[in-house]
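Note sheet for the following structure.
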Amino acid sequence: MKSVLIIGSGLLGLALAEKFSKQGYQVFITSTTKSKLLILQNKGYKPLLFNSNEIEHYDTFKSLTVDVFIFALSPSKCKAIAYNEVLKNCCNTLQAFKRLVFTSSISVYANNNQCHTEESKAIEFNSMLYQTESYITQHITSYYIFRLAGLIDIQRHPKGFHKALEVKQADALVNLVQIQDVSHIIFDSVTHHINDGVYNVCSPEHPSKKQYYGSFNQDLIFHKGDEGKIIDGDFIAHQLHYSYSSIYDF
């Protein structure tokens, strides 16, 4: 039986766990809270208690060998230990893994009102995410880096994104992707053995913030401005012959 370790059991981590489990993988998945471990176990997973800020927790991975290692942890979770060091510690502690999957973000691209493909040079080189990507490209033999657009889902519905009811840069175009698309693309990339590298994952639909968020909430107050960017996620879709879901479908 093939196996996967997923660091992080948020909405994306859980979607990935479900996808891999349904396809016959043994799923190891981490949580920072003990109460959640039983819930994960009842889903058929192998839950592991792991807090990235506790150095002794890394020992959890010492005897673990997996086919796929997915790092889907949010940088906001890493407070006592830097984000790139968390990934490095996990890689160095794991007994063995064949491929690393890192869920990065389109925030590595500059907001310059341009369209960014994977070849774009307009990068926020000092960002923690890019520094983490650089560690991977320099030290990991087999990897996928997925730069994800803003994640949406029925549980992460766009209508709840602006609780203060104010939207800045209302003319900027949105870059979003359904979580189900992300889980499909990551799984298909692993099983189809596409080339190692960096891939954008983003819906081809790019309405303005005013058009998009206004369609879900008519009480929003929009402030003029168009500073933003467009992310082209077509390359990975063509590689996998995959069609993105609409960002309006819930």
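The model shown is predicted, which means the values in this text are computed figures rather than measured ones. Just so you know, residue 1 is the first one in the sequence shown, and it goes up from there.
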*Step-by-step ring pair (Phe, Tyr, Trp, His ring centres under 6.0 Å) determination, Phe222 to Tyr213*: CA-CA 10 Å; Phe222 295 97; Tyr213 295 113; 8.1 Å; no
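- Ring orientation note: the planes of Phe187 and Phe20 are nearly perpendicular, at an angle over 60° on the 30°/60° scale.
- A donor-acceptor contact under 3.5 angstrom links the side chains of Asn112 and His116, judged on distance only.
- Between Tyr83 and Phe102, the ring planes lie tilted relative to each other; the angle falls in the 30° to 60° range.
- No hydrogens or angles considered: a donor-acceptor pair under 3.5 Å links the side chains of Tyr109 and Asn200.
- Atom NZ of residue Lys210 and atom NE2 of residue His223 lie 11.5 Å apart, to the nearest 0.5 angstrom.
- For Asn126, the CG atom is loosely surrounded, since the number of other residues' heavy atoms within 6.0 Å does not exceed 12.
- Around atom CD of Gln218, no more than 12 heavy atoms belonging to other residues, nucleotides or ligands sit under 6.0 Å away.
- The CD1 atom of Ile145 lies 9.5 Å from the CG atom of Asp196; values are rounded to the nearest 0.5 Å.
- Annotation: Phe97 is not in aromatic contact with Tyr143 [ring centroid separation under 6.0 Å not met].
- Geometrically, Arg99 does not engage Phe69 in a cation-pi contact, judged by NZ or CZ lying under 6.0 Å from the ring centre and within 45° of the ring axis.
- With values rounded to the nearest 0.5 angstrom, Lys229 atom NZ is found 12.0 Å from Leu173 atom CG.
- In the displayed structure, Lys88 atom NZ is contacted under 6.0 Å by at most 12 heavy atoms of other residues, nucleotides or ligands.
- Between Phe161 and Phe216, the ring center distance fails the sub-6.0 Å criterion.
- A side-chain donor-acceptor contact under 3.5 Å links Asp181 and Tyr242.
- No donor-acceptor contact under 3.5 angstrom links the side chains of Gln178 and Ser203, judged on distance only.
- Using modelled atom types and a 3.5 Å distance limit, the side chains of Gln95 and Ser63 yield no donor-acceptor pair.
- Ser107 and Glu124 share no side-chain donor-acceptor pair at under 3.5 Å.
- The CD1 atom of Ile231 lies 7.5 Å from the SG atom of Cys115; values are rounded to the nearest 0.5 Å.
- With hydrogens and angles left out, the side-chain atoms of Lys77 and Ser52 include no donor and acceptor closer than 3.5 Å.
- Applying the ring pair (Phe, Tyr, Trp, His ring centres under 6.0 Å) criterion to Tyr244, with sequence neighbours excluded, gives no partner residue.
- Under the 6.0 Å cut-off for aromatic ring centres, Tyr248 and Tyr212 qualify, their centroids lying closer than that.
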